[in-house]
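Each remark here refers to the structure printed beneath this line.
From a predicted model like this one, the values you see are computed outputs, not experimental measurements. Naming convention: chains lettered A, B, ... in sequence-line order (proteins, then strands); numbering from 1 in each chain.
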Amino acid sequence: MTGSFGKTYKLTGSKTIELVYRQGAVIKEYPFISRVSEITNDKAPIQVVISVSKRNFKKAVTRNLIKRRIREAIRLNKTDLVQGLEHSNKQLAIFVIYTAKEVHDFELIEHRIKRLLAKIISHEI
RNA sequence: AAGGCAAAUCGGUCUAUCGCUGCUUCAUCUGUAUGGAUGGGGGAGAGGAAAGUCCGGGCAGCAUAGAGCGCCGUACUUCCUAACGGGAAGGUACCUUUAUCGGUAACAGAAAGUGCCACAGAAAGGAAAACUACCUUAGCUGAUUUCGGUCACUGGGGAAAAGGUGAAAAGGUGAGGUAAGAGCUCACCGAGCUGGCGGCGACGUCAGCUGCAUGGUAAACCUUACGGGCUGAAAGACCAUGUAAACCCGGGAUUGAGGAUUGCUCGUCCGAUCCGGGAGGGUAGGUCGAUUGACGCUAAUGGUGACAUUAGUGCUAGAUAAAUGAUAGACAUUUGGAUCUUGGUCCGAAUACAGAACCCGGCUUAUAGAUUUGCCUUUUGU
């Protein structure tokens, strides 16, 4: 299993995003709220959207910083989830929303992302 | 050497591990094929403001983008530029300064017209007016008298000087003059006009003439000159998908009902594929546009300068729910503390503003810190 997290892992298309946002199962782990739903996709086991509200962070620089930290945390810790999904031949679309009002450092974000992914595993598999 | 002001330039570096987005190349697999997938190698990957979206241009579209009116913008001069509301060099006024330097300017027109000028004041635009005060004159008026007059009151006339109001009372100051006064006359200053000279020009300067009522406001309407067709990369083109110029009901016109074009008019164009209502659906995925350009760097030449020309050289992001990151360490700069040998060591903190979204030229705003140049001040040395 490589640490790769390329373009195929990115969720695109307004219809699927709308679907996940409307109907996905809600899984919370502060400072994140995520919505997860099963999709069919032969390119990657998971596809992820990361969202940071413009209302909470006015500057594009800070939004980019948070999104990059979250993406890095998911990239480093997604192995268990991906293997589980490959076992049961499922694919997931995950919509991650950052809800905190302040910028957290990478250590905390990684710790919480680990717990979030564990919750997704127990919910979906 | 330190501090201040102005201008210009730069705005962290390196290593390791794991990653992201294009480009290129090799191998393997697959496909009729442009290709696709996997793995490896090489090389590239945010800014001076990428920001605000305030101007200008390129580019693209409009079943014509034309004319007039309207509307909007600009407003000292000359030049630069693809263009500009930007820039350069100057002019004028004001501020600052011993003087320079420097700063600010919605810097066209108020004798084309209209409006407004609160409060105060007699009067705020009409060659106006008389509250106090000035001069003069008249009276079967009054008081007083040294019988000449003087004062008061009332009426007529002169004057626009003094006081008072105001941001502003209609050239200013001084002298002459006068019944009192007045550019009535004179000197100086100011203003206007005419001419000469200098300058491409804004304008400057010199001389002469005119005794010179005619304010402010155009960030009020307005006038003059110049400019502007509208939309905006979610533009637009192609491919794929789709019965889509499709269906039903009502109205309306046969040579003009209606529609498009810019707010209106004309003109032009389209024109049964018209107008109103209703029912039921579909797409929103990819490629191009899109990064070689009014491009960057260096040198020479021309120009006070903005800039231009010529020669050489370089290719320097191209994402699209949106790449350029994470972790660890070292260095650099600034700074706080401790220590002693006073410039070393140790420990700690800080390193800004901020993220390309079609591309350029500007403007504006944010910005830790560093460097260079010029000017000024202080101190030290010679």
Pick the C1' atom in B/C239 and in B/G277, then give their distance to the nearest Å. 37 Å
Ignoring backbone atoms, test whether A/R68 places a side-chain nitrogen or oxygen under 4.0 Å from the OP1 or OP2 oxygen of B/U324. yes
For the C1' atoms, the ones on B/C363 and on B/U378, what distance do you get once it is rounded to whole angstrom? 40 Å
Given the P atoms of B/C230 and B/G66, what is the spacing between them in whole Å? 10 Å
Partners of A/N64 by side chain to side chain contact (heavy atoms under 4.5 Å, CB included), sequence neighbours excluded? A/R68
Applying side chain to side chain contact (heavy atoms under 4.5 Å, CB included), can you list everything that pairs with A/K114, at least two apart in sequence or on another chain? A/N77, A/E110
Between the main-chain N or O of A/I27 and the side-chain N or O of A/R35, is there a donor-acceptor pair closer than 3.5 Å? no
Among B/A326, B/U324, B/G355, which nucleotide sits nearest the side chain of A/R71? B/U324
Distance check, C1' atoms only: B/G52 and B/A202, in whole angstrom units. 36 Å
Partner residues of A/A100 under the side chain to side chain contact (heavy atoms under 4.5 Å, CB included) criterion, sequence neighbours left out: A/Y30, A/P31, A/Y98, A/H104
Using purine N1 to pyrimidine N3 plus N6-O4 or O6-N4 for Watson-Crick, or N1-O2 and O6-N3 for G-U wobble, both under 3.5 Å, which nucleotide pairs with B/U13? B/A330
Test item: A/V48 and A/I70 side chains (from C-beta on) under 4.5 Å apart, heavy atoms: no
If the glycosidic angle sits within 90 degrees of zero it is syn, else anti. Tell me which applies to B/A63. syn
Spacing of the C1' atoms in B/A237 and B/G289 (rounded, Å): 8 Å
Which is it for B/A46, anti or syn, if anything within 90° of zero counts as syn? syn
When the P atoms of B/A350 and B/G361 are compared, how many Å lie between them, rounded to an integer? 38 Å
Who is the Watson-Crick or G-U wobble partner of B/A110, with both distances under 3.5 Å? none
Base-pairing assignment for B/U309 (Watson-Crick or G-U wobble, both under 3.5 Å): B/A300
Have a look at B/G148 and give me syn or anti from its glycosidic angle (syn if within 90° of zero). syn
When both hydrogen-bonding distances must be under 3.5 Å and the geometry is Watson-Crick or G-U wobble, what is B/A323 paired with, if anything? none
Give a yes or no on whether A/E107 atom CD has more than 12 heavy-atom contacts from other residues, nucleotides or ligands under 6.0 Å away. no
Taking atom C1' of B/A322 as reference, at what distance in whole Å does atom CD1 of A/I50 sit? 12 Å
In whole Å, measure the gap between the P atoms of B/C209 and B/U98 for me. 42 Å
Quick one: are A/F57 and A/L65 in side-chain contact, heavy atoms under 4.5 Å? no
Given a cutoff of under 4.5 Å between side-chain heavy atoms of I, L, V, M, F, W and Y, with clusters grown through shared members, what are the other residues clustered with A/I33? A/V26
Any donor-acceptor N/O pair under 3.5 Å between B/C20 base and A/R75 side chain: no
Taking a pair to mean Watson-Crick or G-U wobble geometry with both distances below 3.5 Å, B/A202 pairs with none
N-glycosidic conformation, B/U316 - syn within 90 degrees of 0, else anti: syn
Does A/F106 or A/K58 map to a spot on RNA chain B nearer the 5' end, using the closest nucleotide for each? A/F106
In whole angstrom, what separates A/K78's NZ from B/C18's C1'? 11 Å
Return the nearest nucleotide to the side chain of A/L76; candidates are B/A322, B/U327, B/C18. B/C18
With both distances under 3.5 Å as the test, what is the Watson-Crick or G-U wobble partner of B/U185? B/A175
Protein-nucleotides 350-354 of chain B N/O pairs closer than 3.5 Å?
{"from": "B/A354", "atom 1": "OP1", "to": "A/K59", "atom 2": "NZ", "distance (Å)": "2.9"}
{"from": "B/A354", "atom 1": "OP2", "to": "A/K59", "atom 2": "NZ", "distance (Å)": "2.8"}

Is the glycosidic angle of B/G22 within 90° of 0, making it syn, or outside that range, making it anti? syn
Return whichever of A/N64 or A/E107 has its heavy-atom-nearest nucleotide of RNA chain B closer to the 5' end. A/E107
Round to a whole Å and report the spacing from NZ of A/K67 to C1' of B/G325. 14 Å
For B/U77, the Watson-Crick or wobble partner whose two distances fall under 3.5 Å: B/A89
Tell me the partner of B/G374, counting only Watson-Crick (N1-N3 plus N6-O4 or O6-N4) or G-U wobble (N1-O2 and O6-N3) with both under 3.5 Å; none if nothing fits. B/C5
Could you work out the separation of B/A235 and B/C359 based on their C1' atoms and round it to a whole Å? 14 Å
Salt bridge (Lys or Arg N to Asp or Glu O under 4.0 Å) filter on A/R115, not counting sequence neighbours, yields A/E29
